[in-house]
Amino acid sequence: MRIKTMVIIFITVLLTVVLMQNTEQVKFNFLFSTFYMPKLVMLTAVSVIAFILGVLVGRPKKVRSISGNHHDDDDDNNKPDTLSDEDRDYISHP
């Protein structure tokens, strides 16, 4: 098993144990309202929101062109004449 998988399993088990130990009703104040709910519900909601935010922040960003040109780098690689004259001279002479 990879270390990343083991860390994920450990964190999941730890989170489950913490959630199951906190099932009593508690008072929550949110802005101008007060309500009672189990800690389990609030901790689960916060954990899910934190996971979603972590996935959104951690995903790779799309690369966009600053100049606005839709120029593909692959087009340069497909051209047969991409070497300069100096490069051709260097390659052809031992």
Side-chain angles (χ1 to χ4, degrees):
M1 228 192 286
R2 294 179 17 205
I3 195 88
K4 182 178 178 181
T5 306
M6 291 189 307
V7 169
I8 290 172
I9 290 171
F10 176 75
I11 290 173
T12 304
V13 169
L14 188 65
L15 180 64
T16 303
V17 169
V18 169
L19 289 176
M20 291 299 121
Q21 289 178 344
N22 293 292
T23 57
E24 68 271 2
Q25 294 274 335
V26 291
K27 179 173 105 173
F28 285 99
N29 296 319
F30 183 72
L31 298 177
F32 302 109
S33 64
T34 301
F35 51 93
Y36 290 88
M37 68 183 338
K39 276 190 206 177
L40 174 68
V41 172
M42 186 57 76
L43 288 171
T44 303
V46 169
S47 299
V48 169
I49 291 170
F51 176 77
I52 291 170
L53 288 175
V55 168
L56 291 175
V57 170
R59 70 179 180 191
K61 296 182 180 178
K62 295 180 181 177
V63 178
R64 295 185 181 172
S65 175
I66 295 174
S67 64
N69 295 338
H70 299 292
H71 185 267
D72 291 330
D73 292 334
D74 294 337
D75 291 342
D76 290 341
N77 294 335
N78 292 334
K79 292 180 182 178
D81 191 20
T82 56
L83 294 175
S84 67
D85 291 334
E86 292 176 357
D87 291 339
R88 276 195 210 93
D89 289 339
Y90 180 78
I91 292 171
S92 64
H93 295 340

Ignoring hydrogens and angles, write down the donor-acceptor pairs under 3.5 Å from the side chains of residues 45-55, residues two or more places apart or on other chains.
unit_1	atom_1	unit_2	atom_2	d
Ser47	OG	Leu43	O	2.8

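- Annotation: side chain to side chain contact (heavy atoms under 4.5 Å, CB included) contacts of Ser92 (sequence neighbours excluded): none.
- For the salt bridge (Lys or Arg N to Asp or Glu O under 4.0 Å) test, residues two or more places apart in sequence or in another chain that qualify with Asp85 are Arg88.
- Of the inter-residue distances, the one linking Ile11 atom CD1 with Met6 atom CE reads 12.0 Å to the nearest 0.5 angstrom.
- A distance of 11.0 Å separates OG1 of Thr16 from CD of Gln21, quoted to the nearest 0.5 Å.
- By the side chain to side chain contact (heavy atoms under 4.5 Å, CB included) test, Val26 is found to be paired with Glu24, Phe28, Lys39, residues two or more places apart in sequence or in another chain being considered.
- Heavy atoms from other residues, nucleotides or ligands lying under 6.0 Å from CD1 of Ile3 number 12 at most.
- Remark: Met37 CE to Phe30 CZ distance equals 11.0 Å, nearest 0.5 Å.
- Residues in residues 27-36 take part in these side-chain hydrogen bond (donor to acceptor under 3.5 Å, both in side chains) pairs, two or more places apart or across chains: Asn29-Thr34.
- Under a hydrophobic clustering in which Ile, Leu, Val, Met, Phe, Trp and Tyr are joined whenever their side-chain heavy atoms come within less than 4.5 Å, directly or via other members, Phe10 and Val18 fall into different clusters.
- Every residue two or more places apart in sequence or in another chain was checked for a salt bridge (Lys or Arg N to Asp or Glu O under 4.0 Å) with Glu86, and none qualifies.
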